[in-house]
Amino acid sequence: METRPGPDLSYDAALAAFEWLIELGASDPVGDAPVNRYELVTPDPIAAAPPPPVAETRPQRPMPVLVPVDTVDPVAVARNLAARAKTLEDLREAILGFEHCPLKLGARNTVFCDGNPKARVMLIGEAPGKDEDAQGKPFVGRAGQLLDRMLAAVGLDRASPDPATAVYITNVIPWRPPGNREPEPAEIAMMGPFLARHVELVDPDLIVLMGNTACAAALNARGITRLRGTWAQAFGRPAMPTLHPANLLRTPINKRLVWADLLELRAKLNAL
């Protein structure tokens, strides 16, 4: 017997009847009229399938034409620019016009030199730090202040007008590396011709190489703790490798080693 809730049933009675039908398994409403599912025609899946998509035809792309790119050797460019420099000012301008070192893009200033260009002693550092980059001069931060005190102890001064007691200072790299990192071999190599020409123009009697980067550029060698304290030949001149003042700020006990190197420098100057 079919039971349908009529319009006279209350809401609660209709809900109870609906829940009873669900319990019997009549959970799929099909409408008011009964449906004979045996009379339903099952569609043919093959006939009902949509036609396959028509492949889109595109014109074949032409093969790309490889255009040869001229590779620039930054070392050769630097060598050419440095050779043209006849004066220190020419060399400064050549470095300012050198566009192949990426360090230049992040630096505030080009740190070229400080001191007396007629000095008997030329000191070569590594690369500018934060203070050097801001002021455009080498060795002006804490390490530079320590260096000035140590040079003064052996009678040398970057501000001296007398070549016998003066010091001329430059760096291997004229631009500050990001984060004060150590210069990379490629950066040292491309700036090498400028450094060599710098030494030729200043023509010092003696050279002091401060740190690993200076030794890599001038001696093609590293290991400053092994190299320091022994005279070498750099750019055709006697050169004394020694520790960078920044190393002494980190490890004050090494000051005695650099002091011994400076005493050797003083003795060499007196003997010349």
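A quick note: this is a predicted structure, and the numbers were derived from the prediction, not measured. The analysis underlying the following values was restricted to heavy atoms, covering all of them including side chains, and did not include hydrogens, waters or symmetry mates.
In this structure, Asp203 pairs ionically with Arg237, as a charged nitrogen and a carboxylate oxygen lie closer than 4.0 Å. Taking 4.0 Å as the cut-off between side-chain N and carboxylate O, Asp90 and Arg84 do not count as a salt-bridged pair.
In this structure Glu93 satisfies the side-chain contact (heavy atoms from CB on, under 4.5 Å) test together with Glu89, Leu96, sequence neighbours excluded. Under the rule for a ring pair (Phe, Tyr, Trp, His ring centres under 6.0 Å), the partners of Phe98 that lie at least two apart in sequence or sit in another chain are His100, Phe194. A search for side chain to side chain donor-acceptor pair (under 3.5 Å) contacts involving Arg181 returns Glu187, not counting sequence neighbours. Listed by chain and number, the residues in a side-chain contact (heavy atoms from CB on, under 4.5 Å) with Glu264 are Trp231, Met240 (sequence neighbours excluded). The side chain to side chain donor-acceptor pair (under 3.5 Å) test applied to Asn220 returns no partner, not counting sequence neighbours.
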Yes or no on side chain to side chain contact (heavy atoms under 4.5 Å, CB included) for Arg158 and Asp148, after CA distance, side-chain angles and deciding distance? CA-CA 8 Å; Arg158 73 169 86 186; Asp148 287 340; 3.0 Å; yes
Candidate pair Leu146 and Leu248, rule side chain to side chain contact (heavy atoms under 4.5 Å, CB included), full reasoning: CA-CA 9 Å; Leu146 175 59; Leu248 307 184; 3.8 Å; yes
Derivation of the side chain to side chain contact (heavy atoms under 4.5 Å, CB included) call for Leu269 and Leu206: CA-CA 8 Å; Leu269 281 172; Leu206 301 175; 3.6 Å; yes
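For residues 118-146, every residue pair satisfying the side chain to side chain donor-acceptor pair (under 3.5 Å) rule, not counting sequence neighbours, is listed here: Arg120-Asp205.
The side-chain heavy atoms of Met210 and Cys215, taken from C-beta on, include no pair separated by under 4.5 Å. Between Val208 and Leu262 there is no side-chain heavy-atom pair separated by less than 4.5 Å.
For the atom pair OG1 of Thr242 and CG of Asn254, the computed distance is 9.5 Å after rounding to the nearest 0.5 Å. Between atom CE of residue Met191 and atom NZ of residue Lys104 there is a gap of 9.0 Å, rounded to the nearest 0.5 Å. Atoms SG and CD1, from Cys101 and Ile173 in turn, are 6.0 Å apart once rounded to the nearest 0.5 Å. For the atom pair Leu88 CG and Glu200 CD, the distance stands at 11.5 Å (nearest 0.5 Å).
Aromatic ring centres of Tyr168 and His198 lie closer together than 6.0 Å.
Within a 6.0 Å radius of CD1 in Ile253, other residues, nucleotides and ligands contribute 12 heavy atoms or fewer.
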